[in-house]
Amino acid sequence: MLKTNYGSIVNADQHIICNTVSCNGENHNETTNHVFTMYPVAYNHYKEACNFRSLSDLIGTAQNVKISNRKYISNLFVSLTSKPAHESLNIAMFTKAFRDVVHFANLNALSIAVSWKLGDTQMSDELWEKVVDVIENIANRYSHLQVFVYKI
């Protein structure tokens with residue numbers, strides 16, 4: 001089930017905070033910067049993955065970083081680069097990574113938080129609608145799974 005909450009995702013009560021990232025070790029997404037500031041261990045794991053794994057190994061994966069008991073930051077590797085004027089999200093890779101997060105959440109009875117437009121203020125409404133469709137199609141397979149979209 002998909003629900004909307006208002007507020008910052010960094011303060012989400014859900015067990016998993018989805019954090020979309022690029023595979024090149026750079027981020028230009030405001031939400032990602034807030035998540036990494038609030039949870040530096042998630043940033044450290046992200047940088048380590050970017051430094052020691054190939055782009056093809058990272059793209060489309062979810063890196064679940066344990067923050068505390070039943071609290072995770074899930075770094076979703078959804079693009080090869082985050083440079084302006086380049087594609088900030090590959091919908092097929094988002095689908096693959098989000099499916100991994102949902103599988104992890106389902107196995108561990110965890111809830112999920114996702115930021116509005118995945119924190120990308122430049123994302124088109126059309127692309128966001130595709131993302132929402134992906135989230136709903138995957139999450140709706142599990143009637144007990146709760147996914148919250150955080151909108152400021």
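These numbers were taken from a predicted model, which means no experiment stands behind them.
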Ala62 versus Ala97, closest heavy-atom pair with distance: CB-O, 3.6 Å

Tell me whether Lys151 contacts the main-chain N or O of Trp116 through its side chain, where contact means a donor paired with an acceptor under 3.5 Å. no

Say whether, by atom type as modelled, one donor and one acceptor occur between the side chain of Tyr46 and the main chain of Ser22 under 3.5 angstrom. yes

Within 6.0 angstrom of Tyr43 OH, more than 12 heavy atoms from elsewhere: no

Does His45 offer a backbone N or O that forms a donor-acceptor pair with the side chain of Gln63 under 3.5 Å? yes

Assess the side chains of Asn64 and Ser74: does a donor N or O sit below 3.5 Å from an acceptor N or O? yes

Are the side chain of Asn137 and the backbone of Asp133 linked by a donor-acceptor contact shorter than 3.5 Å? yes

Check against side chain to side chain contact (heavy atoms under 4.5 Å, CB included), Cys18 and Ile112: CA-CA 7 Å; Cys18 290; Ile112 300 171; 3.5 Å; yes

Counting C-beta onward and ignoring hydrogens, is there a side-chain heavy-atom pair between Ile9 and Thr31 closer than 4.5 Å? yes

To check you understand the geometry: which heavy-atom pair defines the closest contact between Ser115 and Trp128, and what is its length? O-CH2, 3.8 Å

Are a donor atom and an acceptor atom from the side chains of His15 and Asn108 found within less than 3.5 Å of each other? no

ring-ring contact (aromatic ring centres under 6.0 Å, His included) filter on Tyr72, not counting sequence neighbours, yields Phe104

Please check if the side chain of Tyr39 supplies one atom and the backbone of Val10 the other of a donor-acceptor pair under 3.5 Å. yes

Do Gln14 and Asn5 have side-chain heavy atoms sitting under 4.5 Å apart? yes

Under a 4.5 Å cut-off applied to non-hydrogen side-chain atoms, are Ile91 and Val134 in contact? yes

Between Phe94 and Phe98, how do the two ring planes meet: parallel, tilted or perpendicular, split at 30° and 60°? parallel

Apply side chain to side chain contact (heavy atoms under 4.5 Å, CB included) to residues Leu118 and Thr20 and explain how you reach the verdict. CA-CA 7 Å; Leu118 304 175; Thr20 56; 3.9 Å; yes

Between Asn24 and Leu55 the two heavy atoms that sit nearest each other are N-CD2, 4.4 Å

Are more than 12 heavy atoms, taken from residues, nucleotides or ligands other than Lys130, located less than 6.0 Å from that residue's NZ atom? no

Around Glu136, counting heavy atoms of other residues, nucleotides and ligands shown, do more than 12 lie under 6.0 Å from its CD? yes

Should Ile17 and Lys71 count as side-chain neighbours, where that means a heavy-atom distance under 4.5 Å? yes

Minimal non-hydrogen separation, Gly7 against Ile152, with atom names: O-CG1, 3.6 Å

Under 3.5 Å, side chain of Arg70 to main-chain N/O of Ala109, donor-acceptor pair present? yes

With side chain to side chain contact (heavy atoms under 4.5 Å, CB included) as the criterion, how do Met123 and Leu89 come out once you've worked through the C-alpha distance, each side chain's angles and the decisive distance to 0.1 Å? CA-CA 9 Å; Met123 181 183 285; Leu89 174 78; 3.8 Å; yes

How about Ile135 and Leu2: do any of their side-chain heavy atoms sit closer than 4.5 Å? yes

Within-4.5 Å side-chain heavy-atom neighbours: Asn11 and Met38: yes

Can you name the nearest heavy-atom pair linking Lys66 to Asn69, along with the distance? CE-CA, 4.2 Å

Please examine the side chains of Ile16 and Val101, heavy atoms only from C-beta on, and report whether any two atoms are closer than 4.5 Å. yes

Note: Asp100 and Thr61 closest approach over all heavy atoms is OD2-CA, 4.2 Å

